[in-house]
Amino acid sequence: MAVCIAKLVVAVFSLLFLSTLLVSANSHTFARSLRPLELGLRKEKLSHLHFYFHDIVSGRNPTAVRVAEAQMTNSSATGFGAVVMIDDPLTEGPEMSSKEVGRAQGIYALASQEESSLLMVQNYVFTEGKYNGSTLSVLGRNSVFSGVRELPIVGGSGLFRFARGYAKAKTLTFDRKTGDTVVEYNVYVFHY
Ligand SMILES: *[C@@H]1O[C@H](CO)[C@@H](O)[C@H](O)[C@H]1NC(C)=O
Ligand SMILES: *[C@@H]1O[C@H](CO)[C@@H](O)[C@H](O)[C@H]1NC(C)=O
């Protein structure tokens with residue numbers, strides 16, 4: 001009798017062990033659901049960022065350079081087809097000499113045959129204080145001669161993980177001679 005019970009116990013434990021193996025094999029699935037707290041996500045916050053964007057196309061150290069264009073770009077009234085790579089400073093105040101809080105890195109391209117409208121594909125790379133190293137990703141349409149343009153913020157990294165929101169862009173100065181532009185940005189984002 002005692003032997004029988006012992007055998008039964010061994011059998012039950014073997015089954016349990018086997019099922020653990022099966023479960024752990026299953027945990028290699030590529031997707032699972034988890035609770036936000038497991039990623040340390042507590043409460044969603046809303047932040048407002050305010051900075052000035054300096055698009056410098058002239059001089060010896062431009063921060064915006066044309067990298068591509070179509071054959072017909074020169075004959076297009078709206079510059080359709082031009083692609084510009086930027087690493088534009090973002091500053092706290094409107095003057096170039098004020099404190100740099102980050103850079104806008106990416107591309108804008110002239111994407112309209114009807115007006116001066118840009119496709120904006122950029123990351124704001126912040127360098128200031130606790131935001132140092134965090135980024136926001138922008139993907140939107142920028143009709144540059146409109147008063148205030150709205151661009152979607154489609155994501156972010158670091159402090160801005162799970163970010164979503166929008167940026168309001170307003171041209172502060174546009175130098176017709178050089179093409180240099182300063183744009184005021186107000187960015188509103190939800191993030192954790
Ligand atoms: C367009 O014009 C610029 C400046 O005049 C010139 O450098 C460039 O080669 C032209 N591009 C084409 C595709 O004709
Ligand atoms: C931002 O982080 C980089 C890399 O960790 C560091 O070298 C730099 O000094 C930091 N800048 C500021 C303003 O804290």
Side-chain angles (χ1 to χ4, degrees), residues 30-68 82-111 118-144 147-175 178-192:
F30 90 96
R32 68 186 175 112
S33 63
L34 75 170
R35 288 170 299 110
L37 265 182
E38 291 178 63
L39 276 186
L41 306 178
R42 281 162 217 284
K43 207 169 175 307
E44 205 171 29
K45 297 187 270 282
L46 179 62
S47 294
H48 172 204
L49 307 166
H50 179 244
F51 51 80
Y52 294 84
F53 168 107
H54 301 262
D55 197 53
I56 305 159
V57 297
S58 69
R60 262 197 283 167
N61 297 305
T63 60
V65 293
R66 190 181 280 217
V67 293
V83 178
V84 178
M85 183 69 72
I86 66 167
D87 182 4
D88 282 351
L90 305 175
T91 60
E92 208 166 51
E95 314 81 18
M96 196 39 210
S97 57
S98 81
K99 190 205 257 176
E100 185 172 306
V101 296
R103 312 284 292 194
Q105 298 178 337
I107 286 170
Y108 61 74
L110 286 98
L118 307 177
L119 163 69
M120 307 278 277
V121 185
Q122 288 147 27
N123 292 309
Y124 299 142
V125 185
F126 297 103
T127 49
E128 174 55 23
K130 66 174 178 172
Y131 298 102
N132 190 12
S134 294
T135 67
L136 284 174
S137 298
V138 184
L139 174 62
R141 177 173 190 270
N142 185 358
S143 177
V144 293
V148 180
R149 293 85 69 184
E150 185 175 322
L151 308 167
I153 303 289
V154 297
S157 71
L159 276 187
F160 294 121
R161 283 175 184 169
F162 291 102
R164 61 199 156 72
Y166 62 95
K168 291 268 197 194
K170 186 176 164 207
T171 302
L172 196 70
T173 59
F174 170 60
D175 186 324
T178 63
D180 293 350
T181 308
V182 180
V183 183
E184 180 180 14
Y185 272 83
N186 278 287
V187 178
Y188 301 90
V189 278
F190 278 116
H191 62 102
Y192 284 91

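Whatever order the structure lists them in is the order used to number ligands and atoms, beginning at 1. The first residue of the sequence shown is numbered 1, and numbering continues consecutively from there. Keep in mind that this is a model prediction, so the values were computed, not measured.
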(message) If you measure every N or O of Asn132 against every N or O of ligand 2, does any of those distances drop under 3.5 Å?
(response) yes

(request) Check whether any protein heavy atom sits under 4.0 Å from atom 4 (C) of ligand 2. (result) no

(request) May I ask whether atom 9 (O) of ligand 2 is less than 4.0 Å from at least one protein heavy atom? (result) no

(message) Tell me every residue that passes ring-ring contact (aromatic ring centres under 6.0 Å, His included) with Phe174, counting only those two or more places apart in sequence or in another chain.
(response) none

(message) Checking Ser137 against Asn123 for the side chain to side chain donor-acceptor pair (under 3.5 Å) test, could you report, in this order, the C-alpha distance in whole Å, the side-chain angles of both residues, the deciding distance, and whether it holds?
(response) CA-CA 4 Å; Ser137 298; Asn123 292 309; 2.7 Å; yes

(message) Going by side-chain contact (heavy atoms from CB on, under 4.5 Å), Leu151 matches just one of Lys168, Gln122, Arg141, Met120. Which one?
(response) Met120

(request) Considering only protein heavy atoms, determine whether one is less than 4.0 Å from atom 14 (O) of ligand 2. (result) yes

(request) Not counting sequence neighbours, which residues clear ring-ring contact (aromatic ring centres under 6.0 Å, His included) with Tyr52? List them please. (result) His50

